*Asks:* 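First the structure, then my questions, so here it is.
Not measured: the values here are computed from a predicted model. In what follows, every heavy atom counts, from backbone to side chain, and hydrogens, waters and symmetry copies are set aside. Read the numbers this way: they start at 1 and go in the same order the structure lists the ligands and their atoms.
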Amino acid sequence: MIAITTSVFELFKIGPGPSSSHTIGPMKAGFNFNKSTANLKLETAPDSIEVRLYGSLSATGEGHGTDRAVVAGLLGYRPDTVECEFLDSLADRSSHQFESGDISLPLSVNNVVFAEVENNFPYSNTMLIRLKKNDQILFEQEYYSIGGGFIKWKGQIPKVPNVPAHPYSNTQELKNILTTTKKFLHRLVLENETAITGASEDEINIKLDAILDTMKKAVKNGIKTDGLLPGPIGLHRKARSIYLKTDENFNAADKFLIRLNAYAFAASEENAAGHIVVTAPTSGSAGVIPAVIYTLEEDLGISRKMVRQGMLAAAAIGFIAKHNASIAGAEVGCQGEVGVASAMAAALITYANGFRFWQTENAAESALEHHLGMTCDPVGGYVQIPCIERNAMGAVRAYNSYIIATVENRKFHKVTFDEVVEAMAQTGKDMSNKYKETSKAGLAVSVPDC
Ligand code: SF4
């Protein structure tokens, strides 16, 4: 058993949209390169810097703003503090200066090469960042964007992670610990977070509030904004017009669903606009959990304390999916992004409503089960179609999964969360690469004029 050692705040990260593996990961790689060259001693002074993008970073990187993200990282910007306006300004190809130690080189998005989509690197989404003199490579780092904004690099010496207080690698082991220790799930996740990161419970709650407030801000901004989203599709934002329908003469059940949908559209449209969102677990799926958070707090009056606890339950579900399968569209398709987001959201709603672990697990299981096999085929390489509407579907399915899990006869629930995660991993392995964020099949091909 390799225990899960991911922090809650590695899963929930604040950063610019529209795709964590295409923006947050590459920006972190650029930032890492900047820091790792600070003490570099080269015999020959470099005269240029080159970034080569592979896999879906190449296929859809232009639409996702990967070139701007990696350049911003190389210029020393971090995803959690960069201004969207600065990222947008890089699109005009203006030249900036890469400064690291003794090295000072001109840098713009012109230094980024969209290289081969098919490749034999250990991870499809690979970036090579090079210092060059004429055509000679003086120094090179090979980075991998492995989904959800997480990166690795060749030759990386893995940090020995701190040992969690309650080590588990899957749902069954988690259940065993909960039974033995008689702890609540949120308490177990909190104690693990403290053991892994050293943060106190107060510090964790402050960070959780920052995550929750950023999610709600994305919803608020989205429901008050109209107009076209960036890119050649010409897709009009819908969140505001959907939200305004709640003033009309619909029944209460319809109004509830209209609002839940509007909130998911709102946060997803903010993501598509490249604005600040929270990976949950990725940027492409960053509308599902904010929609249910907003619904729970603003429409249903659930307390912040219970919502925080729900977030910790959601994190446990996300950890298990990431650890035993993947949360990257480029690895397993959209089942790993919106599917996992929906499972996390279902767990969140259930736990924040005061239900126990078995209902929480069953809600998460149902939500993921009904996303199995879902491909990733963003039209034109933009996180817009099907992504935005899909987030709304994920939020509604999460709510429905909560309803089923809390009213069904427990004895009749046959499938475990571990089993559905295993099915997702296998389905992802069998899925053609055409359906893994390369925009080479599915809607990306069948939808015309994009
Ligand atoms: S289809 Fe799903 S996995 Fe692919 S970019 Fe859109 S949200 Fe992400």
*Asks:* For residues Pro16 and Met27, report the shortest heavy-atom separation together with the two atoms involved.
*Replies:* CG-CE, 3.8 Å
*Asks:* Under the salt bridge (charged side-chain N to carboxylate O under 4.0 Å, His left out) test, which residues partner Arg304, sequence neighbours left out?
*Replies:* Asp209, Asp213, Glu297
*Asks:* Below 30° counts as parallel, above 60° as perpendicular, anything between as tilted: where do the rings of Tyr402 and Phe355 land?
*Replies:* perpendicular
*Asks:* At a 4.0 Å threshold, what atoms of ligand 1 neighbour a non-hydrogen atom of Arg390?
*Replies:* 1 (S)
*Asks:* Between Ile177 and Leu188, does a side-chain contact (heavy atoms from CB on, under 4.5 Å) hold up when you go through it step by step?
*Replies:* CA-CA 9 Å; Ile177 298 169; Leu188 183 151; 3.5 Å; yes
*Asks:* Report yes if the side chains of Met127 and Thr66 come closer than 4.5 Å at any heavy-atom pair, otherwise no.
*Replies:* no
*Asks:* Pull up every protein N/O/S atom sitting under 2.8 Å from atom 4 (Fe) of ligand 1, skipping waters.
*Replies:* Cys376 SG
*Asks:* If the plane angle is over 60° it's perpendicular, under 30° parallel, otherwise tilted; pick one for Phe98 and Phe33.
*Replies:* tilted
